[in-house]
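Below is one structure, written out as structure tokens; comments come after it.
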Protein chains: 4
Amino acid sequence: MAVSRASVARRVLDAAVELFAEQGFDATSVQEVVERAQVTKGAMYHYFRSKDALLYEIYHELITVQLDGMDRILAVGGAGPRTLRAIIVDLVVTTAAQLGAATVSARELHKLAGEPAAALRAQRRRYHEGVRDLIARGQRDGEFGSTVSAQTATLMVFGIVNQLPQWYRPDGATSPRELADEIAGFVLTGLGARAAEEAGDNDTRQERHADR
Amino acid sequence: MAVSRASVARRVLDAAVELFAEQGFDATSVQEVVERAQVTKGAMYHYFRSKDALLYEIYHELITVQLDGMDRILAVGGAGPRTLRAIIVDLVVTTAAQLGAATVSARELHKLAGEPAAALRAQRRRYHEGVRDLIARGQRDGEFGSTVSAQTATLMVFGIVNQLPQWYRPDGATSPRELADEIAGFVLTGLGARAAEEAGDNDTRQERHADR
Amino acid sequence: MAVSRASVARRVLDAAVELFAEQGFDATSVQEVVERAQVTKGAMYHYFRSKDALLYEIYHELITVQLDGMDRILAVGGAGPRTLRAIIVDLVVTTAAQLGAATVSARELHKLAGEPAAALRAQRRRYHEGVRDLIARGQRDGEFGSTVSAQTATLMVFGIVNQLPQWYRPDGATSPRELADEIAGFVLTGLGARAAEEAGDNDTRQERHADR
Amino acid sequence: MAVSRASVARRVLDAAVELFAEQGFDATSVQEVVERAQVTKGAMYHYFRSKDALLYEIYHELITVQLDGMDRILAVGGAGPRTLRAIIVDLVVTTAAQLGAATVSARELHKLAGEPAAALRAQRRRYHEGVRDLIARGQRDGEFGSTVSAQTATLMVFGIVNQLPQWYRPDGATSPRELADEIAGFVLTGLGARAAEEAGDNDTRQERHADR
DNA sequence: GATGAATGAGCTTTCATTCAT
DNA sequence: AATGAATGAAAGCTCATTCAT
């Protein structure tokens with residue numbers, strides 16, 4: 001009987017996230033990973049082609065969850081600011097909920113090369129484009145100001161979120177939701193969203209709260 | 001006679017920045033560094049205690065330049081928004097000018113541990129506190145709105161800037177200065193700086209231009 | 001229903017011959033063998049004790065066919081040169097027909113140790129002794145010259161044949177039969193067989209041709 | 001101070017030859033090599049890029065010596081049979097003198113791939129072509145018969161010599177020189193060299209004897 | 001100041017084989 | 001008869017660092 005009920009692959013992945021987040025990918029040996037996962041090295045390599053594959057899986061899981069979140073929100077439709085707020089809130093909340101994976105992804109992703117990495121980059125690009133197009137449309141419709149280009153604004157948003165794992169501490173005073181509102185507020189204001197639209201967001205906030 | 005007039009240490013550091021930025025710190029061997037620097041391994045170890053010391057120096061040089069910039073700007077004094085804009089512009093411009101060092105610093109700094117790293121962290125903390133206090137003071141004086149906490153705003157600013165090396169390309173259409181203005185504008189708007197104060201920034205822009 | 005009608009053991013062996021010949025025994029993993037054979041690892045180990053056992057079987061099959069050939073020819077009897085020619089022709093023709101197995105046997109056999117390998121070596125020794133004794137008898141009877149010792153001559157014959165898989169290409173201009181005649185002619189001449197005896201071989205040639 | 005006066009590279013190479021000849025290339029670990037050479041693994045990798053590089057060096061040393069031998073003999077010129085005999089004798093004698101290297105080369109060379117291996121193959125090809133052309137010229141001049149093609153004859157000669165390490169034992173009754181004469185005699189006779197020319201070889205035999 | 005050979009620990013990965021089902 | 005997850009030992013190789021010169 002296995003040490004734990006969780007599948008070997010799951011345990012390995014969880015251990016890897018913890019260790020990569022704590023020590024960094026390169027500073028963590030496969031030995032350490034399998035020891036923490038209570039698994040033999042051979043078993044790990046039965047499920048994962050390489051150490052890099054762990055990194056791939058970690059990011060893939062995270063980006064998939066986040067893309068799904070965006071897709072769900074975009075499907076609902078609605079005003080630009082309100083939608084953007086919902087996306088940012090979801091992004092911040094899922095990032096905070098998966099702080100380990102987010103830390104690892106932001107820090108080590110550049111190490112991934114080759115074909116599978118291209119797939120990940122495609123997912124990330126889709127996320128970026130979703131946000132960028134949303135902002136661009138809002139600018140065209142006059143929901144946002146046009147001082148900042150949609151492209152730069154998007155990159156700033158992801159800059160903020162990607163860096164978040166470096167300073168956000170889940171045991172601190174601020175809840176993920178509060179932080180998400182703070183960030184979303186800042187971004188919307190920075191984009192020159194008109195006060196009227198901002199006000200409308202209260203509803204969204206409630207809705208999403210109910211979601212979880 | 002040495003291969004180049006530049007000091008051994010300088011050449012090593014420059015080579016290290018390039019390689020660490022291209023391939024990552026761990027993926028770069030000391031051998032590669034000394035080869036690119038046209039220096040022998042022994043010579044390198046004569047000037048640097050360890051491979052980590054290279055990382056230390058790289059970040060130290062960067063943060064020192066940037067701290068100096070902030071200190072100079074703060075010394076001038078003036079209104080909060082105007083000062084903050086100047087700081088952000090300087091930060092973005094120096095980051096763009098030292099893209100390699102900035103890339104390495106943002107990506108690999110977490111690897112540094114021990115006493116020397118503490119000194120670096122102290123410098124970084126001082127930078128953060130400078131910005132945070134500036135924002136907090138501005139909020140107290142009504143120059144900025146108070147929807148976002150000064151602390152969160154500061155972390156967002158540095159999030160944006162630290163992530164910048166991952167997407168800014170010096171050969172692109174946007175000049176560092178334009179980008180700096182775009183970012184600064186976004187942040188100031190996000191902080192709810194009143195239009196009047198924003199207008200005043202034109203002068204700052206000129207001043208700094210003359211600086212260089 | 002199995003993927004193919006051929007028995008599991010047969011398919012495994014055929015796959016092993018191909019792969020061992022292409023890549024070498026050590027460079028081929030059991031995984032590759034079972035994949036090419038369309039068989040699971042467990043099934044393979046059901047039929048073969050070990051990876052070495054594959055090597056054993058491959059050589060065993062080959063040497064058995066070749067020993068049978070020699071035995072059949074020796075049973076017919078007749079003059080030394082004529083008999084030797086028939087043996088060499090048969091050896092070359094079967095080697096060319098089983099080029100993969102011959103390649104593997106010549107190259108990797110030294111890896112086999114232990115009791116089963118001893119059995120193989122005994123078969124090989126019997127083959128060598130058959131040829132050697134035939135030559136020695138021919139020398140005693142004046143059918144061959146005596147410049148070369150029967151032992152050395154035998155080893156040269158097998159040297160030639162064992163090396164053959166390294167250069168003979170079945171898709172080349174020379175047919176196995178032509179090559180066999182060329183080699184046999186060289187060896188017989190080298191042994192100083194008198195022309196009269198050589199001439200008599202035409203009959204043998206015909207006989208064997210009909211065989212196949 | 002090193003364990004022995006001989007250079008690290010030399011000791012490693014000698015150990016590798018011994019072990020590869022005894023156990024085979026794949027069955028020998030780098031660990032075993034460095035242990036027998038009384039050298040650390042790091043030191044070995046300081047001199048040799050890889051385990052394969054050892055194989056390369058071993059064959060390179062051998063083929064170089066043998067090519068030099070052929071070149072020297074060809075430079076002297078003289079009748080075909082006499083020259084061919086000298087080449088075969090030299091080949092057999094150097095093979096017997098470097099039995100380990102010859103064993104390894106004949107058995108494991110096929111493992112070498114890539115650019116450096118191509119260089120080795122070119123050397124080997126040059127050796128083959130030297131012999132083949134010599135035979136072909138002799139056939140044209142009527143020094144040899146034409147029953148066997150020069151190409152096949154050449155391949156048989158090298159087949160004999162390459163297989164030699166598998167059965168020649170230096171502590172046996174036959175000296176390398178005797179063996180060489182036996183083999184050369186067999187080959188020349190097989191090629192139909194006229195007795196008159198063969199007789200002339202006695203001189204060559206003496207000369208070469210004095211050489212060493 | 002500078003060299004570069006040598007160290008030795010540790011890394012990722014592979015693989016033949018086993019065994020519960 | 002057959003599966004394929006799991007084992008565990010060992011392999012080749014890299015690398016930051018040291019030190020006699």
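Note that these values count all heavy atoms, side chains included, but never hydrogens, waters or copies made by symmetry. Chain letters run A, B, ... following the sequence lines, proteins first, then strands; residues in each count from 1.
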Does a salt bridge link B/Arg10 with B/Glu57, judged by any charged N lying under 4.0 Å from a carboxylate O?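 Answer for the salt bridge query: no.
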
B/Asp14 and B/Arg36 ion-paired at < 4.0 Å: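 Looking at B/Asp14 and B/Arg36, the cut-off is not met.
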
Summarise how protein sits on nucleotides 12-21 of chain E as a single string, 5' to 3': B when a protein heavy atom is under 4.0 Å from the base, S for sugar-phosphate-only contact, - for no contact. BBB-SBB---

So [Y] and [X], do their side chains get closer than 4.5 Å, heavy atoms only?
| X | Y | value |
| --- | --- | --- |
| A/Leu109 | A/Leu112 | yes |
| C/Thr28 | C/Glu22 | no |
| A/Phe25 | A/Val104 | no |
| A/Thr103 | A/Gln166 | no |
| A/Gln123 | A/Gln66 | no |

Could you check how far CZ of D/Arg11 sits from P of E/dA5, rounded to whole Å?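 Those two atoms, CZ and P, are 15 Å apart.
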
In whole angstroms, how far is the P atom of F/dA6 from the CD atom of A/Gln38?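 Interatomic distance, CD of A/Gln38 to P of F/dA6: 14 Å.
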
Quick one: is F/dA6 close enough that its OP1 or OP2 comes under 4.0 Å of any side-chain N or O from A/His46?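 The answer is no; no side-chain N or O of A/His46 sits under 4.0 Å from OP1 or OP2.
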
Which nucleotide wins on minimum distance to the side chain of D/Ala43, given the candidates E/dG4, E/dT7, F/dA2?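 Selected nucleotide (nearest to the side chain): E/dT7.
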
Base, sugar-phosphate, or nothing: which does C/Tyr47 touch, judged by heavy atoms less than 4.0 Å apart?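 Touches sugar-phosphate only.
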
Surrounding CZ of D/Arg49 (heavy atoms of other residues, nucleotides or ligands, distance under 6.0 Å), is the total greater than 12?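 No.
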
Using Watson-Crick and G-U wobble pairs with both distances under 3.5 Å, what is the 5'-to-3' dot-bracket string of DNA chain E, with [ ] for crossing pairs and | for pairs outside the strand? .||||||||||||||||||||

